[in-house]
Each structure stands twice: as C-alpha cells, then as structure tokens.
Amino acid sequence: MSTSPSAQGPRPDEVSEPPYLSGLNAAQREAVETLDGPVLMLAGAGTGKTRALTARLAHLLLTGRAMPGQILAVTFTNKAAREMKERVAGLLGRSVEGWWLGTFHSLAARFLRRYAEMAGLQPNFTILDPDDQLRLMKQILVAEGIDDKAWPARAVLSAVERWKDKGLTPERVSAGEAGAVANGRGVELYAAYQARLQQLNACDFGDLLLHCIEIFRSRPEVLAELHRQFRYLLVDEYQDTNVAQYLWLRLIAQGHKNICCVGDDDQSIYGWRGAEVGNILRFEQDFPGAKVIRLERNYRSTPTILGAASGLIAKNEGRLGKTLWTEGDAGEHIRVRGLWDGEAEARFVGDEIEALQRAGESLGEMAILLRTTAMMREFEDRFNAIGLPHRIVGGPRFYERLEVRDALAYLRVVAQPADDLAFERIVNKPKRGLGEATLKQLRQAARAQGLPLLETARRLIATDELKPKARKALTDVVESFLRWRQAAEELPHTELAETVLEESGYIEMWRQDTAIEAPGRLENLVALVDGMADFENLQGFLEHVGLVMENLQETGGEQVSIMTLHAAKGLEFDTVFLAGWEEGLFPNQRALDETGLRGLEEERRLAYVGLTRARRRLFVTFAANRRLHGSWAAAIPSRFVDELPPEHVEVESEQGLYGQAAAAWGGSFGRFGAEEDPFGPRRVSPGMSRAQRYANEFRPFIDGTATVVESLPAEGGFAIGERVFHTKFGYGSVVRTEGEKLTVAFDHSGEKRVMAAFLVPADQAG
DNA sequence: AGTCCACCGTTTTTT
DNA sequence: ACGGTGGACT
C-alpha cells in the first residue's frame with residue numbers, strides 16, 4: 001500500500017490520520033490509497049463504494065498528488081456527479097473548484113466546444129434531444145424514399161445509435177452489420193443523417209463522444225494536451241459503459257495510466273442501450289498491471305436479503321464473482337406472495353404499507369420497484385383510493401414536456417438561427433396559417449440554396465413567390481426573430497425569454513386554451529424562465545438543457561416511492577416491494593426473445609439490483625392474472641421466484657388460487673416440500689428442471705398466451721346457460737355466443753368476452 | 001388549413 | 001386500454 005510522500009508527510013498514525021480514512025475497512029482503504037496505475041474497484045451492492053470513491057478523491061487532493069484541474073471524474077448521471085461533488089466537499093470541509101467532474105456526455109461536450117471546428121462544427125452547436133433526432137431521421141427517410149412501414153425511423157435511429165455506442169462512424173460500420181438495416185441502406189442513411197446534423201450545426205448524444213474519439217485519434221497534439229492535463233481518472237458505474245465510452249476513456253488514460261474504474265458486473269442493466277458488461281470483465285486485459293480490489297462487505301442489508309440476492313445472481317454465468325457478506329441478525333424472511341391479479345397485488349401492497357406505517361415505519365423508507373412503467377398505474381390508483389402518499393420517480397421529465405420544448409425551440413432559433421428543427425417546430429405555434437404547403441415551399445428553397453430555413457424565409461418574403469397570407473405571416477415570424485436576436489445582445493437572457501414567449505403569442509396560446517392541463521403548462525413555462533436565472537447566459541442555459549434532461553422534482557415529505565427497477569439503481573430503502581414477478585413480465589419476454597440467454601441474465605441482474613435495494617424488509621409478489629395491452633393473460637410465477645434460496649423465503653399463497661395452473665405445472669411455486677404441498681402430489685418427475693417442465697407444459701401460456709390459443713379452431717359449440725370453466729376466470733355460465741366468441745358470466749370475475757378455445761365444460765374441469 | 005377517426009404498437013432510459 | 005400518428009375529410 002503506497003502512501004504519498006508529500007503534503008501529509010509520513011504515513012499518519014491512527015490518531016492523526018485524516019478523517020476520511022477513519023472507519024474504512026481494509027479493502028476500502030486499499031481502494032483509497034492505491035493511487036497509481038490502473039485499479040478496478042469491484043464494489044458489490046451496499047459495500048460503501050461511494051464512500052471509498054469520495055475518500056479517494058479527497059485523498060488525491062489532500063496529499064497534493066493532484067490539483068483539482070488534473071482529475072477527470074466520470075459518472076453516469078448528473079445526480080451522481082452532484083452527490084459526489086457534495087460529498088467530497090463535505091470530506092474536505094470546502095468545495096472544490098476547477099475539477100472535471102461530470103457525466104461522460106457533459107465532459108465530452110466540454111471538450112467538443114473547445115475543439116468544435118475539428119469536427120466540422122461551430123462552438124455554439126446544438127445538442128439534439130431524442131425527439132429532434134427522431135424527426136430528423138424521419139426527414140431523412142422521406143428524402144431517401146425509404147418505406148417507413150418496413151423501416152420506421154425509430155428502428156433506423158436505434159441502429160445508428162447502437163453503431164455510435166460502438167464508436168463506429170459511417171465509414172467504420174462493417175458491411176455485415178449494415179446489411180441488416182433498411183435493406184442494406186443503413187450506412188447510407190447513417191451518413192445522410194450525419195451530414196444533415198453538420199448542416200444544422202448540431203450533434204446528438206452519441207456524437208459528443210464519437211466526435212471526441214475521432215479528434216483524439218486524428219489529432220495527436222490534442223490528445224497530448226489532455227494527457228498533460230489529466231493525471232488521474234476516475235470512472236463510476238463502469239459496468240454500464242459502452243464501447244464508445246471505453247474508447248474515449250482509454251485514449252485519455254493512455255497518458256498516465258492512473259485510471260480507477262468502479263463498478264459491479266452483477267449490476268449491469270443497460271445492455272439494451274449499448275452498455276457492454278465485457279468492458280468490466282476485460283478490464284485486466286485492457287489495462288495491464290491492473291490491480292483489482294474487491295469490496296465485499298455489505299453494510300446495507302440483512303444476511304437474509306443478501307443471501308437471497310447472492311443465491312439468485314449465482315445462476316448467472318460469466319461473472320467476475322464476489323462473495324458478499326454481512327454481519328448481524330438474519331432479519332426477517334423475504335415474504336413471497338401470490339395474488340389473484342394486479343389489483344389484488346396493489347391492494348396487498350397498500351395494506352402492508354399501512355400496517356408498517358401503523359407500526360411506526362416511515363413512508364419515505366418504502367419503495368415499490370417494478371419492471372415496467374405500465375405497472376405503475378395499478379399502484380397509483382390503489383394508493384389514491386386509500387389516500388396513501390406516494391410519488392412516481394422517473395416519469396415524464398421537465399425538459400421533455402411539449403410546452404417546455406416549444407419554448408426552448410424559440411430560444412434555440414434565437415441562439416442558433418441555423419437550427420432548422422427548432423424553427424420547424426415553432427414556425428406555426430401558435431397557429432399562424434403557415435401550414436404544410438408553405439413549409440414545403442420553404443424547405444425546397446432552403447435545400448436549393450443550401451441555407452437554413454430562417455435565412456431562406458428572410459429572402460423568400462422579399463419575393464412574390466408565396467401566397468399573400470403566408471407571406472404576411474412569415475414576414476412576421478422573420479422580423480420577430482431578427483428583433484429578438486437584436487434584443488439578445490442587450491437584454492438579460494431571462495428577460496429575453498419572457499419577451500420572446502410573450503411577443504410570439506406562445507404564452508397567449510396557452511392562456512386561451514381551456515384544456516385542463518393548460519394552467520399547468522403555463523406554470524412550467526414560468527418555471528423554465530425562473531430556472532434560466534441560474535445560468536450566466538442563454539448559451540450556457542441551452543447547454544445545460546441539452547445535457548440534463550432530469551426532473552426538477554425535489555418533493556420532500558413522507559411518501560412511498562414507486563419506480564422502475566432501472567430507476568432504483570443506487571438507491572436504498574428499509575422496505576422494498578418487488579411486484580410483478582411473473583414469467584413474460586419479469587423476466588421480460590421481449591428481452592428473452594431478442595437476446596436470449598444474455599437477455600435472461602440481464603433480467604436476473606435486474607432482479608438482483610431490486611433485491612439489494614432493501615435494507616431490512618423485502619416483499620416479492622406476483623399475480624395469477626395480469627391485464628396486459630387491454631386483454632387478460634394468465635401468468636405463472638417468475639422463475640426468479642424459484643431461484644430465491646428457500647431458506648430465506650416465506651411463501652404465502654392464497655388458498656386454491658392457482659388450482660388449475662399450479663396442478664398442471666407441478667403444484668408448487670417452489671417452496672413447498674412434497675408433504676406440505678397444498679396442491680397435492682406433483683405430476684411431473686421431480687428430476688425435471690423447472691425450465692424443462694415449463695418448456696413442456698407451459699410454452700403456449702407463456703409466449704403469447706392469447707395469440708397462440710386464439711388461433712386454434714373453436715372446439716365445439718357451447719350452449720347458452722351452459723356451465724363452463726376458464727383457466728383464468730374460473731367457473732361461469734355462458735350468456736351469449738357469436739361464433740367462437742362467447743360472453744360468459746363468471747362466478748368471481750363478472751361478465752367477460754372470451755374465446756371458446758379457452759373454455760371447457762365445467763364437468764370436465766379439474 | 002385544420003379536425004377527426006382508424007390504426008398501430010406497446011421494456012427498461014441517461015445523456 | 002391507451003396514446004400517438006397518419007390519412008381522409010371538411
């Protein structure tokens with residue numbers, strides 16, 4: 001273990017050692033003090049990673065190893081960057097100025113503003129948001145005559161994004177890879193998209209990194225400058241980096257090779273957007289001589305929770321492997337509970353929360369973690385009904401709201417008149433009679449002259465080419481922008497924004513709107529202008545907006561949190577409810593279909609992330625029936641339920657609920673011994689794996705329940721009044737028949753329209 | 001030019 | 001179920 005020779009003098013003894021070192025365990029201490037060379041800090045969930053990380057930064061600064069400006073620290077979210085800044089300031093007792101701490105994208109943007117012209121951009125380039133990207137891609141597809149039915153802009157754009165994630169410019173995309181996109185025209189479209197971005201003086205998120213990489217590769221003097229500057233690199237959440245980020249890092253790290261990457265391969269959950277677990281698995285090869293430090297002592301969860309999580313994640317292959325341990329009482333068992341449907345599930349969770357609340361537990365220490373946002377609704381409804389304070393974490397973000405985006409589009413055109421996407425967005429908002437016809441004319445002229453739309457409009461209104469009405473309206477728009485650009489020189493940017501929104505009639509448009517959400521939109525506009533006050537100028541504000549799409553919500557108070565598993569990464573709660581653990585939902589069927597075993601393992605990691613969010617108490621629930629895309633689907637418990645080690649789990653099942661499915665399937669949700677199995681003896685051989693049983697007997701139910709069965713011919717007719725049995729809804733009587741569609745009054749779930757193929761005569765059931 | 005209706009697709013999401 | 005989108009209609 002090396003200690004610095006400088007500032008602090010010789011190795012401090014126990015008493016006088018700096019406060020940020022005290023209380024660290026041996027591994028953490030090693031992670032803090034191993035400053036030179038490549039270090040991989042494998043930090044399991046709840047092992048005090050952030051603590052070690054911030055201490056390391058404090059150590060670098062306090063020992064005089066590095067000046068703030070010589071440290072490059074990368075996080076994944078702005079929130080994480082902010083927290084790190086605050087915590088290091090807390091350790092040092094003062095705030096640190098001038099260091100390079102931020103997200104990959106904000107740091108890359110900072111570089112790129114400096115070297116913009118090397119990438120063919122002007123320094124005031126716009127950063128496109130996802131909506132702009134999509135609109136731009138749509139325009140490209142139209143221009144190139146691509147059938148958008150076969151190749152929707154979404155799909156092409158996502159292919160382009162994956163290429164960018166891999167650090168591939170159009171020239172570098174391999175033929176094999178390109179062939180699969182848009183009938184082999186993928187690269188062509190990618191190139192056209194890039195060309196258009198350049199015209200707009202814009203780039204998308206992926207470009208921020210990609211342009212940097214290209215500059216680093218082609219301009220050794222730039223890279224050398226960065227190498228001189230940055231002596232120490234620190235990267236958080238390394239398991240979620242993509243190839244482009246890896247290349248970017250490696251190029252910068254080549255200088256001093258002092259790179260410390262922190263991550264947990266078991267928590268890699270962003271493969272679907274290009275993250276490569278491989279980056280962390282390969283670290284030691286990528287950075288020869290790397291020291292690997294494992295943080296394995298968990299300070300967060302009970303041994304029970306930790307044991308369950310470890311047992312589950314052990315089913316994954318290709319892990320670096322860690323053995324997390326913790327001390328203390330085993331704690332409460334994990335309660336696994338099966339419910340009739342999603343509504344019952346929400347009711348159950350609500351009841352448990354109320355019970356905990358009565359027992360003195362704080363709502364702020366409880367969270368419901370879900371696989372998809374679609375599942376949130378059920379909980380929201382229920383909590384609203386019983387008046388349980390809650391908040392949805394995530395959800396539509398401030399800068400994504402349409403009124404905010406419109407307002408920003410106005411400001412973007414003022415700041416950067418070549419921003420055609422922004423111009424098109426607001427040219428007819430409020431309605432000015434500038435419809436598609438005029439816009440088409442304008443676009444054509446712009447293309448012919450190779451000029452931005454606003455400049456083209458300025459020229460066009462001097463001619464007689466437009467219809468008088470359109471000409472009048474467009475003149476108005478052009479003159480307004482000229483005036484606002486003038487005003488931008490003199491007015492503070494907040495006043496400029498007010499002027500623009502008022503004079504454009506945009507504010508008035510919402511004042512006139514009688515829709516229920518209009519007042520809220522006006523409030524958001526006010527909030528937007530208020531928020532601008534925190535920035536020095538319009539440019540700085542727009543830069544922030546481009547990079548920070550996060551919510552402004554800081555809702556305090558005692559509330560239960562409802563969020564997706566993805567949103568929960570990095571958080572912890574006393575009590576966690578993991579709901580919707582059903583095959584098809586979680587693990588998500590689409591993940592399995594698209595990426596097979598890889599997808600399954602990522603889903604399992606997601607389960608692991610969920611489990612490890614809990615400090616003391618954990619509930620896992622699943623429903624037998626789930627309303628999905630409008631129709632009902634029968635569900636069976638997630639295989640992950642079975643993968644929780646039995647000794648940590650306590651199953652509570654509603655008696656008889658799963659009679660049908662459970663009996664056919666083997667009569668167990670995994671936890672019952674043969675003698676206590678309430679559903680009777682198993683009908684499948686005990687040696688058969690769950691996956692096999694499943695493949696044999698449940699395939700049709702799992703992949704596409706309804707569709708598979710619906711396509712079968714109806715089996716014989718049912719008579720009105722006949723008693724029938726349905727695997728999802730139970731017993732009932734036929735009310736109406738229309739071919740193979742029947743209406744049945746079910747004893748427990750009311751009238752439903754069902755397919756005859758789903759029904760059997762009641763006397764043949766069981 | 002603007003409004004209405006049928007149709008489609010529907011995991012996760014930061015920057 | 002539901003919301004967004006594109007095409008047809010007024």
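Hydrogens, waters and symmetry mates are skipped; everything else that's a heavy atom, side chains included, is used. Letters go in sequence order (proteins before strands), and every chain restarts at 1.
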Contacts of A:W272 that satisfy ring pair (Phe, Tyr, Trp, His ring centres under 6.0 Å) - sequence neighbours left out: A:Y270, A:H566
A:W100: partners by ring pair (Phe, Tyr, Trp, His ring centres under 6.0 Å), with sequence neighbours left out: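 Expected list: A:F111, A:F230.
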Under 4.0 Å protein heavy-atom contacts per nucleotide of nucleotides 2-12 of chain B, with B for base, S for backbone only and - for none: SS------BBB
Nearest-Å distance, [atom1] ([X]) to [atom2] ([N])?
X	N	atom1	atom2	value
A:H544	B:dT15	NE2	P	10 Å
A:E237	B:dT13	CD	C1'	14 Å
A:L547	B:dT14	CG	P	14 Å
A:D204	B:dT14	CG	P	17 Å
A:K79	B:dT13	NZ	C1'	14 Å
A:D165	B:dT13	CG	P	17 Å
A:R162	B:dT14	CZ	P	14 Å
A:K440	B:dA1	NZ	C1'	15 Å

[Y] versus [X], side-chain donor and acceptor atoms under 3.5 Å:
X	Y	result
A:N316	A:Y608	no
A:K164	A:Q194	yes
A:Q539	A:E543	no

Among C:dC2, C:dT5, B:dT15, the nucleotide that comes nearest once only the side chain of A:H105 is considered: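 For the A:H105 side chain, the nearest candidate turns out to be B:dT15.
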Residue-phosphate contact under 4.0 Å: A:R377 side-chain N/O, C:dA1 OP1/OP2: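 For A:R377, the contact criterion (side-chain N or O under 4.0 Å from OP1 or OP2 of C:dA1) is not met.
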Under-4.0 Å side-chain N/O to phosphate OP1/OP2 contact, A:T77 with B:dT13: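 So the side chain of A:T77 is outside the cut-off, no N or O lying under 4.0 Å from OP1 or OP2 of B:dT13.
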Test side-chain contact (heavy atoms from CB on, under 4.5 Å) applied to A:F104 and A:T75, A:L249, A:L208, the passing residue: A:L249
5' priority, DNA chain B, between A:F104 and A:A470 [closest heavy atom]: A:A470
Residue whose closest nucleotide on DNA chain B lies nearer the 5' end, A:T438 versus A:L565: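 Closest to the 5' end, via its nearest nucleotide, is A:T438.
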Touch class at under 4.0 angstrom, heavy-atom based, for A:R605 against every strand present: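 The answer is nothing, as A:R605 stays clear of every strand by at least 4.0 Å.
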Touch class at under 4.0 angstrom, heavy-atom based, for A:S158 against every strand present: nothing
Salt bridge (charged side-chain N to carboxylate O under 4.0 Å, His left out) between A:K49 and A:D236, intermediate numbers included: CA-CA 9 Å; A:K49 168 194 78 169; A:D236 196 9; 3.3 Å; yes
